[in-house]
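Have a look at the structure below before the remarks.
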Amino acid sequence: MGNKVTTAVFPVAGLGTRFLPATKSVPKEIMTLVDRPLIQYAIDEARAAGITEFIFVTSRGKGALEDYFDLAPNLEEELRRKGKEDMLEVLAKTNMDSGAIAYIRQHKALGLGHAVWCARRLIGDQPFAVILPDDVIAAEKPCLQQMVEAYDETGGNMVAAMEVPAEKTSSYGILDVENNDGKLLDVNGMVEKPAADESPSNLAVIGRYILSPNVLKNLDEMKKGAGGEIQLTDAIAAELEQKNKVYGYRFEGQRFDCGSKSGFLQATVSYGLARAELRDDLAGYIKSIAPTL
Ligand code: UTP
């Protein structure tokens, strides 16, 4: 029922203040989980979901991101000369076809909604995905792929949903849902960062979205929301007022908040343990220090 989703927007124009001073010169999305930058996990997930057009909303100081997706002729030549085929294969995943990737600047960090709006001309009049690379999701079937499969049946708008403890609702966009069971949730309303006693549920929106182009029109209004920022949540909630459908999708998988230091460290341990060549060493170390914790 939904049109095919082939475009994804990656808003990476935030300041990343929680990781200062590292993010003074290194974009948050280039920070590394084991041996791959966060952005590579996001790109791999998008590709698995059938995305072929990649739009990055960037800002000053994000040049390392653009370089990351470029060819590295000298390095590749050197690896070839040394017969390091396995490394060449790893590098191939970082390359993009010419014309498949576009960068647009958000000149001021006015909020996630504003960042997505900056990409409106590149997106055009088609449904599109939004991926926040600092939400890393470990899943057997990548999260966006799960959502695209559900969206093919439903159309409308779809946001990834996850239960959070009551005291954490003020850090998320929260869903007001018709039914709180099953994977597909019928959304009646959305609130950005509600206090625990005003929260309509404990179902939080996390960084994967499939949106109708109408959301971009809603963003034209430039309404400031929670924290004085132009919120994507508000533009999606406006869809409900216009009687357009919004679904929550309770994905299968474990999400790590790599925008926070603790989440990033947890992801590092988890992804490290998942790697056969690291597992024994790392598990041995964790076991050795566990009794002292
Ligand atoms: P965050 O709320 O994590 O903000 O943004 P941040 O600036 O990246 O990090 P902190 O809070 O200062 O540590 C969530 C996502 O939205 C993007 C960010 O790049 C991140 O992917 N974003 C946010 C923008 O692209 N532009 C904005 O104006 C705000």
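Order of listing sets the numbers, starting from 1, for every ligand and every atom in it.
The ring-ring contact (aromatic ring centres under 6.0 Å, His included) check on F10 picks up F56, with sequence neighbours excluded.
Residues N218 and Q242 bring a donor and an acceptor atom of their side chains to less than 3.5 Å of each other.
The list of side-chain hydrogen bond (donor to acceptor under 3.5 Å, both in side chains) pairs with a residue in residues 192-206, not counting sequence neighbours, reads E192-T233.
Geometrically, R208 does not engage F251 in a cation-pi contact defined by less than 6.0 Å to the ring centre and at most 45° from the axis.
In this structure, I206 CD1 and F256 CZ are separated by 11.5 Å, a value rounded to the nearest 0.5 Å.
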Table of N or O contacts for ligand 1, cutoff 3.5 Å:
{"from": "ligand 1", "atom 1": "3 (O)", "to": "R18", "atom 2": "NH2", "distance (Å)": "3.0"}
{"from": "ligand 1", "atom 1": "3 (O)", "to": "K28", "atom 2": "NZ", "distance (Å)": "3.4"}
{"from": "ligand 1", "atom 1": "7 (O)", "to": "L15", "atom 2": "N", "distance (Å)": "2.7"}
{"from": "ligand 1", "atom 1": "7 (O)", "to": "G16", "atom 2": "N", "distance (Å)": "3.0"}
{"from": "ligand 1", "atom 1": "8 (O)", "to": "K28", "atom 2": "NZ", "distance (Å)": "2.7"}
{"from": "ligand 1", "atom 1": "9 (O)", "to": "G16", "atom 2": "N", "distance (Å)": "3.4"}
{"from": "ligand 1", "atom 1": "9 (O)", "to": "K28", "atom 2": "NZ", "distance (Å)": "3.3"}
{"from": "ligand 1", "atom 1": "11 (O)", "to": "R18", "atom 2": "NE", "distance (Å)": "3.2"}
{"from": "ligand 1", "atom 1": "11 (O)", "to": "R18", "atom 2": "NH2", "distance (Å)": "3.2"}
{"from": "ligand 1", "atom 1": "12 (O)", "to": "G16", "atom 2": "N", "distance (Å)": "3.4"}
{"from": "ligand 1", "atom 1": "12 (O)", "to": "T17", "atom 2": "N", "distance (Å)": "2.7"}
{"from": "ligand 1", "atom 1": "12 (O)", "to": "T17", "atom 2": "OG1", "distance (Å)": "2.6"}
{"from": "ligand 1", "atom 1": "13 (O)", "to": "T17", "atom 2": "N", "distance (Å)": "3.1"}
{"from": "ligand 1", "atom 1": "13 (O)", "to": "R18", "atom 2": "N", "distance (Å)": "2.8"}
{"from": "ligand 1", "atom 1": "13 (O)", "to": "R18", "atom 2": "NE", "distance (Å)": "2.9"}
{"from": "ligand 1", "atom 1": "19 (O)", "to": "P11", "atom 2": "O", "distance (Å)": "3.4"}
{"from": "ligand 1", "atom 1": "19 (O)", "to": "A13", "atom 2": "N", "distance (Å)": "3.3"}
{"from": "ligand 1", "atom 1": "19 (O)", "to": "G14", "atom 2": "N", "distance (Å)": "2.9"}
{"from": "ligand 1", "atom 1": "21 (O)", "to": "P11", "atom 2": "O", "distance (Å)": "2.8"}
{"from": "ligand 1", "atom 1": "25 (O)", "to": "A13", "atom 2": "N", "distance (Å)": "2.9"}
{"from": "ligand 1", "atom 1": "26 (N)", "to": "Q106", "atom 2": "OE1", "distance (Å)": "2.7"}
{"from": "ligand 1", "atom 1": "28 (O)", "to": "Q106", "atom 2": "OE1", "distance (Å)": "3.3"}
{"from": "ligand 1", "atom 1": "28 (O)", "to": "Q106", "atom 2": "NE2", "distance (Å)": "3.2"}
{"from": "ligand 1", "atom 1": "28 (O)", "to": "L110", "atom 2": "N", "distance (Å)": "3.3"}
{"from": "ligand 1", "atom 1": "28 (O)", "to": "G111", "atom 2": "N", "distance (Å)": "2.8"}
{"from": "ligand 1", "atom 1": "28 (O)", "to": "G111", "atom 2": "O", "distance (Å)": "3.3"}

Mind listing the side-chain donor-acceptor pairs of residues 280-293 below 3.5 Å, one per line with the distance, residues two or more places apart or on another chain?
{"from": "S288", "atom 1": "OG", "to": "Y285", "atom 2": "O", "distance (Å)": "2.7"}
{"from": "T292", "atom 1": "OG1", "to": "I289", "atom 2": "O", "distance (Å)": "2.6"}

